[in-house]
There are 2 protein chains.
Amino acid sequence: MGKTGKAFDMERLFKALADRTRLRLLNLIGGDEVCVCFFVEVLGESQPKISRHLAYLRRAGVVAARREGKWMHYRISVPADAHAARLFAEVRAWLAEDGEMRRDRERLVKVCCAVSPPVQLQGAPRPASIATARG
Amino acid sequence: MGKTGKAFDMERLFKALADRTRLRLLNLIGGDEVCVCFFVEVLGESQPKISRHLAYLRRAGVVAARREGKWMHYRISVPADAHAARLFAEVRAWLAEDGEMRRDRERLVKVCCAVSPPVQLQGAPRPASIATARG
DNA sequence: CGCTCATATTCGCCAAGGCGAATATAACAC
DNA sequence: GTGTTATATTCGCCTTGGCGAATATGAGCG
């Protein structure tokens, strides 16, 4: 593999990672599949801003989206290229230790498990792993 | 370490990596210390362009410079942060397999070992590891 | 001092991309 | 069809940063 040209465009990947909002999004997605409305709620950013950055990540090939009725779920799209994949894993391990990123994840869990979630999230499909962990 | 704030600015690092010329520079430096004139010769880009990108890398903290008379030598500045360092290693391993990067390194070796190098490089200090390997 | 060489910086110009505000689309309910 | 909800896109505006061209700095030589 990868003899014909770029297995994965390095420059494009790094451009995708070169923005704090996008890093926060990748961090929130984690190994799961997360609905857009949670990003908006947890990051406290405007919905168009979130959508724009998700579109950028999608164009860069690092996330994939799945529609479920009105909701869009985003998940990490692990690069096929082995080096890209390992690098990506390093990035996520790094994110896991950053202070703000940690707080973001905590807020996501809190919002998902809330007995009475914010109005905007009533009926929103929760990330699988968190919903499960709720018990 | 790293409890007070950012151990190493991730965003800044990725911005530094998000340019092909800068990736080519990092690749050429490798584990060595390389004089600016070689970058200009090997990459075939203008000297101001090379200098500007080196300055960018320096500001991002990923390379360091040392003056030796008229010449400036650049080397990789491995980040103190463990995650950043491992990520950096991944990047360099990835670079090592890219086609253009490989050709760049071959050109560097060729230029360094040439019996009669280009006029601009007469007397230029060669990268240590290559000069040594020349035998 | 002036001259030359190696490198760095500045100056316009232009494209990429970040932002908020507004608008468009897509799916569902009625 | 209308209306509502979730998400996406477009539109100006502004900043970042890439480029070539020109200029500045810094070190050595005579």
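Order of the sequence lines sets the chain letters (A, B, ...), proteins ahead of strands, with each chain counted from 1.
Arg66(A) has a carboxylate O that lies under 4.0 Å from a charged side-chain N of Glu68(A), or vice versa, which qualifies the two as a salt bridge. Residues Glu11(A) and Lys15(A) are paired through a salt bridge, judged by an N-O separation under 4.0 Å between the basic side chain and the carboxylate.
Rounding to whole angstrom units, CG of residue Leu25(A) and P of dT7(D) are separated by 13 Å. We find that CZ of Arg58(B) is positioned 12 Å from P of dT7(C), with the value rounded to whole Å. Rounded to an integer number of Å, the gap from CH2 of Trp71(A) to C1' of dA6(D) is 8 Å. In this entry the distance linking CZ of Phe14(A) with P of dG17(D) reads 17 Å, nearest Å. The distance between atom NE2 of His73(A) and atom C1' of dA26(C), rounded to the nearest whole Å, is 15 Å. One interatomic measurement links the two molecules: CD of Glu68(B) to C1' of dG26(D), which rounds to 15 Å at whole-angstrom precision. Between the P atom of dA16(C) and the CG atom of Asp19(A) lies a distance of 17 Å, rounded to the nearest Å. For Leu54(A) and dG18(C), the CG to P distance is 13 Å, given to the nearest whole Å.
Tested against Pro127(A), the residues Ile29(A), Val109(A), Val34(A) include a single side chain to side chain contact (heavy atoms under 4.5 Å, CB included) partner, Val34(A). Residue Asp98(A) is tested with Arg105(A), Arg20(A), Arg103(A) for a salt bridge (charged side-chain N to carboxylate O under 4.0 Å, His left out); the sole match is Arg20(A).
Phosphate proximity of dA6(C) to Tyr74(B): absent, as no side-chain N or O sits under 4.0 Å from OP1 or OP2. At dG18(C), one or more side-chain N or O atoms of Arg22(A) fall inside 4.0 Å of OP1 or OP2 (strictly under the cut-off).
For Lys70(A), counting side-chain heavy atoms from C-beta on, the closest listed nucleotide (dT9(D), dT5(D), dA6(C)) is dT5(D). Of the candidates dG17(D), dT7(C), dG18(C), dG17(D) carries the atom nearest the Lys15(B) side chain, counting heavy atoms from C-beta on.
Summary of the strand contacts: Cys35(B) and Arg67(A) both lie near DNA chain C, and taking for each the nucleotide with the nearest heavy atom, the more 5' one is attributed to Cys35(B).
Residue-environment remark: CZ (Arg86(A)) stays at or below the threshold of 12 foreign heavy atoms within 6.0 Å.
In the hydrophobic cluster analysis, where Ile, Leu, Val, Met, Phe, Trp and Tyr join through side-chain heavy atoms closer than 4.5 angstrom, Ile76(B) is grouped together with Leu87(B).
Looking at residues two or more places apart in sequence or on another chain, you find a side chain to side chain donor-acceptor pair (under 3.5 Å) between Asp104(A) and Arg24(A), Arg107(A).
DNA chain D is contacted by Gln47(A), Pro48(A), Ser51(A), Arg52(A) of residues 45-53 of chain A, taking any non-hydrogen atom closer than 4.0 Å.
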